[in-house]
Trainee: 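Supplied in structure tokens, the structure appears directly below.
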Amino acid sequence: MEIGPKIQAAVAAILEEKYQYQVDSGTIVVTPTKREFSGDFTVVLFPFIKALRTNPVQLGEAIGADLISQSWITAYEVKGGFLNLTLANSIWTELLDTVNIAARTLDPARKIIIEYSSPNTNKPLHLGHIRNILLGWSCVQIYKAIGYQVIKTQVINDRGIAICKSMLAWKLFGEEKTPASTRTKGDHFVGEYYVLFNSKLDEEYKSWQQSDEAQTIYITGKKEEQTAADFFKTYANTYFNEYSQLGRQAKEMLLKWEAGDPDTLELWNRMNNWVYDGFNKTYAELGVDFDTIYYESETYLLGKESVDQGLEKGIFYRNSDGSVWIDLEDAGMDKKILLRSDGTSVYMTQDIGTAQHRYQDYHFDRMVYVVGDEQEYHFKVLFEILKRLGEPYADQLFHLAYGMVDLPTGKMKSREGTVVDADDLVAEILGEARKAAEERGELVDLPPQEQEKIIRNIALGALKFFILKVNAKKRMVFNPEESLDLQGQTGPYVQNAYVRIRSILRKADQMTIPSVYAGYQLGTEERELIALLLQYWETLEQAANNFDPSGVANYAYQLAKSFHRYYHDVSILRAESEEAMAFRFVLIRKIAMVLELAMEMLGIEMPDRM
RNA sequence: GGCUUCGUAGCUUAAUUGGAUAGAGCACCUGACUACGGAUCAGGAGGUUGCAGGUUCGAGUCCUGCCGAAGUCACCA
């Protein structure tokens with residue numbers, strides 16, 4: 001029995017019987033009654049008063065009186081255009097029984113593939129990746145819970161000029177050092193050479209700027225009033241491509257890679273594997289994994305067949321210079337290139353091919369890309385093209401476009417060194433959680449490994465909750481200090497509610513707990529808690545539909561908050577009657593179950609003690 | 001400039017998708033420990049939801065116009 005639909009149906013029946021007014025019961029608005037009014041659920045009457053030529057008070061009285069005669073409603077009150085209903089005690093205990101956490105039946109026909117993380121192999125993961133990963137992982141859990149078969153994947157950008165820069169810097173300046181020999185995490189090790197390349201390039205560029213050649217270019221090429229510094233800033237790309245020694249060597253390396261040169265491939269493999277070692281450590285630290293990985297080195301040539309296909313169908317057209325385009329202006333977009341005049345493909349082409357390739361691999365019903373909102377236009381175009389190509393899954397594609405993560409000081413900029421490194425962040429928050437745990441001293445009698453496990457749960461719980469509680473679409477400000485906070489609207493606050501229940505249950509193991517509560521009269525706090533428990537699946541489905549886990553985080557907080565208050569006001573182990581104790585044990589077990597499941601949806605584990 | 005997104009307390013943010021007096025947390029002030037765990041609870045103060053119109057019984061939410069911020073508009077990835 002679901003209570004919302006039951007009320008809707010009852011009201012619809014009364015409207016039809018008493019007023020001969022037909023209404024789709026699903027459209028009747030039923031909400032939990034606000035705290036400051038008496039009642040459990042509220043029916044909004046406004047939508048009917050015009051059609052029924054009555055006023056809210058009359059209508060409310062008529063519906064209320066009828067419902068009371070049906071015995072499952074014990075009281076009603078009309079306030080403004082709202083009808084507040086109080087449910088019978090027996091209904092509440094029945095409703096509590098229906099609270100369950102079993103995942104919805106798995107339907108193998110519904111398969112979703114979710115892509116997240118998708119880093120480049122030239123530098124370590126940062127705060128932006130963390131938001132991406134946590135969102136992706138949370139969506140995976142949520143879709144599993146509502147019965148989907150989920151495939152976790154990522155695309156690793158393991159090729160291109162960026163990794164060649166790291167490779168070249170290592171070759172020129174690395175002196176055969178390795179992550180092992182320098183005791184450096186592999187992704188950080190390679191990242192250092194990427195940074196080194198850029199600083200060497202900078203040096204080279206600066207000294208070149210003094211040359212006669214450069215001065216001539218500046219004088220002839222500058223715009224009016226443009227300073228040398230300004231000019232050379234905008235000229236950097238051209239310099240890299242046409243004058244730089246380092247640039248030339250990096251590009252040569254890319255060509256050699258594309259030609260399959262064994263030495264280059266060997267170095268490339270070696271360095272990428274260092275990076276993967278590092279990534280895998282970070283993923284393990286965050287508690288996430290993948291079912292399958294796509295590497296760009298294997299997919300970057302895909303999509304060319306679909307160009308031929310599109311040309312045949314007349315969706316694409318060929319320019320006089322041989323380049324291939326699609327015109328999306330009738331859909332409010334621009335013209336987009338798909339094949340350069342030299343026949344090489346672009347990012348878009350590759351994404352088309354990868355989508356088709358994945359469909360062949362998995363025959364999914366839906367596909368989700370967790371990628372920053374800066375690429376919104378790209379995906380809009382990609383989805384439109386796939387639709388025009390007639391791909392069967394084309395209307396089940398979703399770009400989970402999350403907002404960038406800013407710092408209180410502004411944007412993260414790698415050039416200015418303000419990027420928050422993922423590993424540093426996790427280490428910092430672990431330290432903070434450890435310090436707090438030591439101060440509290442609750443864990444001292446546990447073996448060290450167990451203490452460590454709990455500390456990790458708390459630290460990661462804090463971090464994950466902090467990031468996931470914000471609506472995915474919104475740009476968010478990440479305040480490192482606040483993310484270390486373990487009090488207030490945080491993961492540890494929710495964990496603490498669970499720990500309190502576990503503590504009671506441990507004590508109850510030594511006691512005999514009564515199990516009959518048939519005659520127990522529920523308090524308002526208990527009704528409120530049950531009403532909250534009943535909202536779990538609705539919350540989850542909404543999160544799934546919107547690809548936004550923030551509602552689940554806020555729900556978990558809300559439930560924890562209500563429990564903390566209840567715990568404070570009402571005694572469980574020393575309840576005033578056997579019925580009260582019996583009922584309260586059932587209630588807190590359900591609360592613990594739902595809290596644990598809700599947090600699992602966010603990738604957060606619950607400790608038994610903290 | 002075109003298109004897209006976003007402006008809610010000092011700060012970080014909610015609002016059951018159009019419903020009641022906009023709800024929390026942090027910070028600030030006051031109170032609650034002979035305890036089922038104080039990483040907690042109760043209270044105070046803090047709001048013209050960027051501004052101005054419009055639609056509606058009802059607007060933080062929908063429409064229009066301003067103001068402000070961000071993103072995007074490559075034969076780059």
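Quick note on labels: first sequence line is chain A, next is B, and so on, each numbered from 1.
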Trainee: What does A:V570 touch in the nucleic acid at a heavy-atom separation under 4.0 angstrom: a base, only the sugar-phosphate, or nothing?
Mentor: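 Answer is base: heavy atoms of A:V570 come under 4.0 Å of a base.
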
Trainee: For B:G38, does OP1 or OP2 lie under 4.0 Å from any side-chain N or O of A:R500?
Mentor: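 Checking B:G38 against A:R500, a side-chain N or O does come within under 4.0 Å of OP1 or OP2.
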
Trainee: I need the CG-C1' distance between A:N496 and B:G38, as an integer number of Å.
Mentor: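 Value for this atom pair: 9 Å.
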
Trainee: Would you classify A:K380 as touching base, sugar-phosphate or nothing, given that sugar-phosphate means primed atoms plus P, OP1 and OP2, and contacts are heavy atoms under 4.0 Å?
Mentor: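 No contact at all - A:K380 keeps every heavy atom at 4.0 Å or more from the nucleic acid.
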
Trainee: Given B:G38, B:C75, B:A24, identify the nucleotide with an atom nearest to the side chain of A:Y567.
Mentor: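 Nearest to the side-chain atoms of A:Y567, counting from C-beta on, is B:G38.
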
Trainee: Side-chain donor or acceptor of A:N546 under 3.5 Å from a matching atom on the base of B:U17?
Mentor: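 By the distance-only test, yes, there is a pair.
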
Trainee: Should A:R340 be listed as having a side-chain N or O under 4.0 Å from OP1 or OP2 of B:A74?
Mentor: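 It does not, given that no N or O in the side chain of A:R340 lies less than 4.0 Å from OP1 or OP2 of B:A74.
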
Trainee: Select one nucleotide: of B:G71, B:A70, B:U21, the one nearest the side-chain heavy atoms of A:K411.
Mentor: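 Nearest to the side chain of A:K411 among the choices is B:G71.
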
Trainee: Checking base pairs now: Watson-Crick or wobble, both atom distances under 3.5 Å. What partners B:A74?
Mentor: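 No nucleotide pairs with B:A74.
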
Trainee: Once you apply the 3.5 Å cut-off to both distances, tell me the Watson-Crick or G-U wobble partner of B:G23, or none.
Mentor: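 Its partner is B:U13 (Watson-Crick or G-U wobble, both distances under 3.5 Å).
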
Trainee: Would you check if the distance from the ring center of A:Y235 to the ring center of A:Y239 is below 6.0 Å?
Mentor: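 So the answer is no for these two rings.
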
Trainee: Kindly state whether the pair A:F82 / B:A20 counts as stacked, where counting means centroids closer than 5.5 Å and planes tilted less than 30° apart.
Mentor: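 A:F82 vs B:A20: stacking yes.
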
Trainee: Return whichever of A:A433 or A:D485 has its heavy-atom-nearest nucleotide of RNA chain B closer to the 5' end.
Mentor: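 Its nearest nucleotide lies further toward 5', so the answer is A:D485.
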
Trainee: Nearest to the side chain of A:F37, heavy atoms from C-beta on, is which of B:C75, B:U40, B:A20?
Mentor: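 For A:F37, the side-chain atoms sit closest to B:A20.
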
Trainee: Which part of the nucleic acid, if any, lies within contact of A:I49, taking any heavy atom under 4.0 Å across all strands shown: a base, the sugar-phosphate backbone alone, or nothing?
Mentor: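 A:I49: no heavy atom of the nucleic acid under 4.0 Å.
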
Trainee: Tell me which nucleotide, if any, is Watson-Crick or G-U wobble paired with B:U8 when both distances must be under 3.5 Å.
Mentor: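 For B:U8, the partner nucleotide comes out as none, under the 3.5 Å rule.
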
Trainee: Under 4.0 Å between a side-chain nitrogen and a carboxylate oxygen: does that hold for A:E450 and A:R609?
Mentor: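 The answer is no: the pair does not qualify as a salt bridge.
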
Trainee: Over how many whole Å does the gap from A:F379 atom CZ to B:A77 atom P extend?
Mentor: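 Result: 15 Å.
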
Trainee: By the 4.0 Å heavy-atom rule, please label A:N479 as base, sugar-phosphate, or nothing.
Mentor: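 Since no nucleic acid heavy atom lies under 4.0 Å of A:N479, the category is nothing.
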
Trainee: What nucleic acid atoms does A:N122 come within less than 4.0 Å of, heavy atoms only: base, sugar-phosphate, or nothing?
Mentor: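 It contacts nothing in the nucleic acid.
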
Trainee: Could you tell me how far B:A27 sits from B:C62 if I compare only their C1' atoms? Round to whole Å.
Mentor: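 Looking at atom C1' only, B:C62 and B:A27 are 36 Å apart.
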
Trainee: Given that A:D569 and A:V29 both sit by RNA chain B, which one's nearest nucleotide is further toward the 5' end?
Mentor: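 Taking each residue's closest nucleotide, the earlier one in sequence belongs to A:V29.
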
Trainee: Would you call A:E605-A:K464 a salt bridge at under 4.0 Å N-O?
Mentor: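 So A:E605 does not pair with A:K464 through a salt bridge.
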
Trainee: C1' atom, B:C28 versus B:G2: distance in rounded Å?
Mentor: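 Their C1' atoms lie roughly 47 Å apart.
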
Trainee: Choosing from B:C75, B:U8, B:U40, which nucleotide comes nearest the side chain of A:S341?
Mentor: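 Closest nucleotide to the A:S341 side chain: B:C75.
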
Trainee: What's the closest nucleotide to the A:K79 side chain, out of B:A20, B:A77, B:G38?
Mentor: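 That would be B:A20.
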
Trainee: Rounded to the nearest angstrom, tell me the gap between atom CZ in A:F465 and atom C1' in B:G25.
Mentor: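 Going from A:F465 (CZ) to B:G25 (C1'), I get 10 Å.
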
Trainee: Please confirm whether the shortest side-chain N or O distance from A:Y566 to OP1 or OP2 of B:U40 is below 4.0 Å.
Mentor: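 For B:U40, OP1/OP2 do not have a side-chain N/O of A:Y566 under 4.0 Å.
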
Trainee: Which value, in whole Å, describes the distance between the C1' atoms of nucleotides B:A22 and B:A14?
Mentor: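 That atom pair is separated by 9 Å.
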
Trainee: Could you identify the nucleotide paired to B:G58, looking across every strand shown and requiring Watson-Crick or G-U wobble geometry with both distances under 3.5 Å?
Mentor: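 Result: none.
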
Trainee: Working to the nearest 0.5 angstrom, can you tell me the gap between A:I458 CD1 and A:L443 CG?
Mentor: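 If I round to the nearest 0.5 Å, the distance is 6.5 Å.
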
Trainee: For the P atoms, the ones on B:A9 and on B:G50, what distance do you get once it is rounded to whole angstrom?
Mentor: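 It works out to 8 Å between them.
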
Trainee: Hey, is A:F46 doing a stacking thing with B:G58, by the 5.5 Å centroid and 30° angle criteria?
Mentor: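 It does not: the two rings, one from A:F46 and one from B:G58, miss the stacking criterion.
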
Trainee: Mind telling me if B:U21 is syn or anti? Syn here is a glycosidic angle within 90° of 0.
Mentor: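 Nucleotide B:U21 adopts anti.
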
Trainee: What is the nucleic acid contact for A:E442, judged by heavy atoms within less than 4.0 Å: base, sugar-phosphate only, or nothing?
Mentor: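 Here A:E442 touches the bases of the nucleic acid.
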
Trainee: Which nucleotide, in any strand shown, forms a Watson-Crick or G-U wobble pair with B:G38, with both distances under 3.5 Å?
Mentor: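 Paired with B:G38, as far as the under-3.5 Å criterion goes, is no nucleotide at all.
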
Trainee: Nearest 0.5 Å, please: how far is CG in A:L425 from CG in A:L463?
Mentor: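 One gets 5.0 Å once the value is rounded to the nearest 0.5 Å.
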
Trainee: Using a 4.0 Å heavy-atom cut-off across all strands, classify A:M476 as base, sugar-phosphate, or nothing.
Mentor: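 Since only primed, P, OP1 and OP2 atoms lie under 4.0 Å of A:M476, the category is sugar-phosphate.
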
Trainee: Using both distances under 3.5 Å as the test, list the Watson-Crick or G-U wobble partner of B:C66, or none.
Mentor: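 B:G50 is the nucleotide pairing with B:C66.
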
Trainee: Under a 4.0 Å threshold between the charged nitrogen and the carboxylate oxygen, would A:K473 count as salt-bridged to A:D548?
Mentor: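 Salt bridge: no.
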
Trainee: Just call it for A:P47: base, sugar-phosphate, or nothing, with non-hydrogen atoms closer than 4.0 Å on any strand.
Mentor: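 Result for A:P47 = base.
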
Trainee: In whole Å, what separates the C1' atom of B:C3 from that of B:U8?
Mentor: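 It comes out at 26 Å once rounded to the nearest Å.
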
Trainee: Taking the six-membered ring for Trp and the full ring for Phe, Tyr or His, determine whether the centres of A:F466 and A:F478 are under 6.0 Å apart.
Mentor: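 They qualify: ring centres under 6.0 Å apart.
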
Trainee: So, does A:R475 get its side chain near the phosphate of B:U5, meaning an N or O under 4.0 Å from OP1 or OP2?
Mentor: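 Result: no.
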
Trainee: Roughly how far apart, to the nearest Å, are B:G19 and B:C75 at atom P?
Mentor: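 So the two P atoms sit 45 Å from each other.
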
Trainee: By nearest atom, which of the nucleotides B:A77, B:C75, B:C41 is closest to the A:S323 side chain?
Mentor: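 The nucleotide sitting nearest to the side chain is B:C75.
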
Trainee: Mind checking the P distance from B:A45 to B:G23? Whole angstroms is fine.
Mentor: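 One P to the other, the span is 13 Å.
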
Trainee: Can you identify which nucleotide, out of B:C75, B:U72, B:A24, has its nearest atom closest to the A:Y377 side chain?
Mentor: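 Of B:C75, B:U72, B:A24, B:U72 is nearest to the side chain of A:Y377.
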
Trainee: Taking the side chain of A:K34 as heavy atoms from C-beta outward, which of B:U40, B:U16, B:A77 is closest to it?
Mentor: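 The answer is B:U16.
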
Trainee: Base, sugar-phosphate or nothing for A:T539? Non-hydrogen atoms, less than 4.0 Å.
Mentor: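 Result for A:T539 = nothing.
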
Trainee: Would the base of B:A20 count as contacting A:T42 through its side chain, where contact means a donor and an acceptor less than 3.5 Å apart?
Mentor: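 Check passes, donor-acceptor contact within cut-off.
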
Trainee: Verify whether the ring centers belonging to A:F82 and A:F46 lie closer than 6.0 Å.
Mentor: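 Here the rings of A:F46 and A:F82 have centres that are less than 6.0 Å from each other.
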
Trainee: Using a cut-off of 4.0 Å on non-hydrogen atoms, how would the nucleic acid contact of A:K473 be classed: base, sugar-phosphate, or nothing?
Mentor: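 Touches nothing.
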
Trainee: So that I know where these two stand, are A:Y295 and A:W268 an aromatic pair - ring centroids less than 6.0 Å apart?
Mentor: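 When the ring centroids of A:Y295 and A:W268 are compared, they turn out to be at least 6.0 Å apart.
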
Trainee: Taking atom P of B:A24 as reference, at what distance in whole Å does atom CG of A:N471 sit?
Mentor: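 So the CG-P distance, A:N471 to B:A24, works out to 20 Å.
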
Trainee: Expressed as a whole number of angstroms, how long is the span from A:K561:NZ to B:A14:C1'?
Mentor: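 It works out to 12 Å between those atoms.
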
Trainee: Given the C1' atoms of B:C66 and B:C29, what is the spacing between them in whole Å?
Mentor: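 Looking at atom C1' only, B:C66 and B:C29 are 41 Å apart.
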
Trainee: For B:A14, does OP1 or OP2 lie under 4.0 Å from any side-chain N or O of A:K474?
Mentor: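 A:K474 to B:A14 OP1/OP2: side-chain N or O found under 4.0 Å.
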
Trainee: Just call it for A:P32: base, sugar-phosphate, or nothing, with non-hydrogen atoms closer than 4.0 Å on any strand.
Mentor: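 Base contact.
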
Trainee: Would you indicate whether the side-chain heavy atoms of A:S550 and A:V470 approach each other to under 4.5 Å?
Mentor: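 When only atoms from C-beta onward are counted, A:S550 and A:V470 do not touch, as no gap falls below 4.5 Å.
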
Trainee: Within the structure shown, what part of the strands sits under 4.0 Å from A:Q495 by heavy-atom distance: base, sugar-phosphate, or nothing?
Mentor: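 Nothing, no heavy atom under 4.0 Å.
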
Trainee: Paired with B:C33 by Watson-Crick or G-U wobble geometry, both distances under 3.5 Å: which nucleotide is it?
Mentor: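 Result: none.
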
Trainee: Tell me which nucleotide among B:U8, B:A20, B:A24 gets nearest to the side chain of A:Y557.
Mentor: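 Looking only at heavy atoms from C-beta outward on A:Y557, the closest nucleotide is B:A24.
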
Trainee: Any idea which of B:A77, B:C41, B:U12 is nearest the A:E482 side chain?
Mentor: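 Output: B:U12.
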
Trainee: Between the side chains of A:N122 and A:S166, does any donor sit under 3.5 Å from an acceptor?
Mentor: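 The criterion, which ignores hydrogens and geometry beyond distance, is not satisfied for A:S166 and A:N122.
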
